[in-house]
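Take a look at the structure set out below.
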Amino acid sequence: MFTTARRQPGSPSMAELPDDLFAAIQSLKRELNAVILAHYYQDPDIQDVADYLGDSLGLSQQAASTNAEVIVFAGVHFMAETAKILNPDKLVLLPDLAAGCSLADSCPPEAFAAFKAAHPNHLVVSYINCTAEIKAMSDIICTSANAVQIVRQIPETQPIIFAPDRNLGRYVMQQTGRELVLWQGACIVHETFSERKLLQLKTAYPQAEVIAHPECEPILLRHAQYIGSTTALLKYAQSSTSQTFIVATEPGIIHQMQKQAPQKQFIPAPPLSNCACNECPHMRLNTLEKLYWAMKNRAPEITMPETTRVAALRPIQRMLAMSV
Ligand code: 13P
Ligand code: SF4
């Protein structure tokens, strides 16, 4: 739905941009009483200008607790949408409205409604990487940081649908020993890694630890010494005694890994072909220039029907309550 890049109305020409974008963004932040929330997959410049940097769970917790009047969301659409669901009275800006998510796109609401109807008596646990319409049809939201913990809190006898990521779903099944009915969605970025090339890298760097995000396919995860959300991977890379890591997730996170452990070496896991397809094309639509321009214009903003927002809020609040 949000996969096509669109030129935003009134996008600046280079001549209209201030010389010091960082300073201009800081000044707009004060003027708007804004907070900039950014995901680790954003460009390094955006990471460096953010007030808070985190994984999807951390970002939604920040969105739930901020006192700022304006939330500038440097991430993808479903993340900014979650911030808006939690903050109906705040202005939520997304630098590029076309910054969608292949995983969210892989779960269209009409098809999911039929899937749900075919599995009566099932509780719906949805990964936060889905649209507000899917959240509105869900009982509990989870992220990669708390999916296992949340499923463990559900009574053993309760059948569960897990959507939309089949890889995270399989990982949760393996960790909890629970049978889940999986929606067959996936992320194009995390399914792009090549096992063959990973094994070649492991041979070249025998001391390296493979660390991976649970959105990766099981064939890749079986080579990982550590599996976790982006925040968990970052913490692990800091605390582990290893000096070299092969990182199987979007390589934007390596900027933080390198900042926090400059003496260590971080090697991005290679994609199948000789492309940059391990970079999320949606996340990378946001740029520092577009972020500045969004703050300057107070647009583009996230909006949604109030009925959808109210229905989507309930499972997000359940997640936040179950994650403390
Ligand atoms: P986390 O932020 O939960 O680590 O998930 C990564 C991701 O793919 C976000 O789109
Ligand atoms: Fe969506 Fe995958 Fe990009 Fe994350 S990395 S935003 S799951 S397409």
Side-chain angles (χ1 to χ4, degrees), residues 1-5 37-43 46-47 50 52-63 73-83 94-107 125-131 134-135 141-150 163-169 171-172 183 185-193 211-217 220-221 224 226-237 247-254 256-257 268-269 271 276-286 316 319-320 323:
M1 185 156 48
F2 302 104
T3 46
T4 319
L37 307 182
H39 192 269
Y40 297 118
Y41 296 165
Q42 293 290 276
D43 285 342
I46 296 184
Q47 294 189 30
Y52 177 83
L53 199 54
D55 65 3
S56 305
L57 178 62
L59 288 166
S60 47
Q61 288 167 330
Q62 286 294 317
F73 216 112
V76 289
H77 194 277
F78 75 81
M79 295 177 172
E81 205 172 46
T82 303
L94 181 65
D96 192 325
L97 271 190
C101 168
S102 64
L103 188 48
D105 288 350
S106 71
C107 193
V125 178
S126 294
Y127 188 30
I128 199 164
N129 299 33
C130 64
T131 59
I134 300 297
K135 289 185 176 77
I141 298 304
C142 69
T143 75
S144 63
N146 61 18
V148 170
Q149 181 196 352
I150 280 182
D165 188 15
R166 62 183 173 208
N167 294 321
L168 178 62
Y171 176 71
V172 173
W183 177 266
C187 157
I188 48 166
V189 174
H190 288 87
E191 286 208 337
T192 200
F193 299 114
I211 58 175
H213 194 278
E215 284 178 25
C216 293
E217 291 177 284
L220 204 108
L221 290 181
Y226 184 79
I227 298 168
S229 77
T230 44
T231 295
L233 295 179
L234 190 57
K235 284 191 183 146
Y236 182 79
V247 183
T249 191
E250 216 274 4
I253 195 171
I254 291 179
Q256 287 308 311
M257 289 177 169
C277 18
N278 55 349
E279 286 187 1
C280 175
H282 310 290
M283 287 276 183
R284 303 296 176 133
L285 281 178
N286 292 328
I316 296 173
M319 169 187 82
L320 293 173
S323 305

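Everything numeric in this text was worked out from a predicted model, so none of it was measured. Numbers here are sequence positions counted from 1. Note that ligands are numbered from 1 as they come in the structure, with each ligand's atoms numbered from 1 the same way.
Within the structure, the closest approach of N129 to ligand 2 falls below 4.0 Å when heavy atoms are considered. Contact between Y40 and ligand 1 is absent, with no heavy atom of the residue lying under 4.0 Å from the ligand. Ligand 1 lies out of reach of E250, whose nearest heavy atom is not under 4.0 Å from it.
Using a 4.0 Å cut-off to heavy atoms of C280, the atoms of ligand 2 that qualify are 3 (Fe), 5 (S), 6 (S), 8 (S). For ligand 2, the atoms closer than 4.0 angstrom to any heavy atom of C187 are 2 (Fe), 5 (S), 7 (S), 8 (S). For ligand 1, the atoms lying closer than 4.0 Å to a non-hydrogen atom of H213 are 1 (P), 4 (O), 5 (O), 6 (C). For ligand 1, the atoms closer than 4.0 angstrom to any heavy atom of T230 are 1 (P), 2 (O), 4 (O). Counting the atoms of ligand 1 from 1 in the order shown, those under 4.0 Å from a heavy atom of M79 are 9 (C), 10 (O). For ligand 1, the atoms sitting less than 4.0 Å from at least one non-hydrogen atom of Y127 are 5 (O), numbered in the order shown with element in parentheses. Close contacts of ligand 1 with D55, meaning ligand atoms under 4.0 Å from a residue heavy atom, involve 1 (P), 2 (O), 4 (O).
Here's the thing with H190: none of its N/O atoms is less than 3.5 angstrom from an N/O atom of ligand 1. Residue H39 has at least one N or O atom closer than 3.5 Å to an N or O atom of ligand 1. At least one N or O atom of S144 sits closer than 3.5 Å to an N or O atom of ligand 1. Close N/O approach between T231 and ligand 1 is not found [any backbone or side-chain N/O within under 3.5 Å].
The distance from atom OG1 of T231 to atom CG of L53, rounded to the nearest 0.5 Å, is 8.0 Å.
Here H282 fails the criterion, with no N, O or S atom under 2.8 Å of atom 2 (Fe) of ligand 2.
Between H213 and H190, the ring-plane angle classifies as tilted under the 30° and 60° cut-offs.
Contact annotation for E215 and ligand 2: only side-chain heavy atoms (C-beta onward) come within less than 4.0 Å of the ligand. If you look at I128 next to ligand 1, there are no close heavy atoms at all, none under 4.0 Å.
From the protein, the heavy atom lying nearest to atom 8 (S) of ligand 2 is S102 OG, 3.3 Å.
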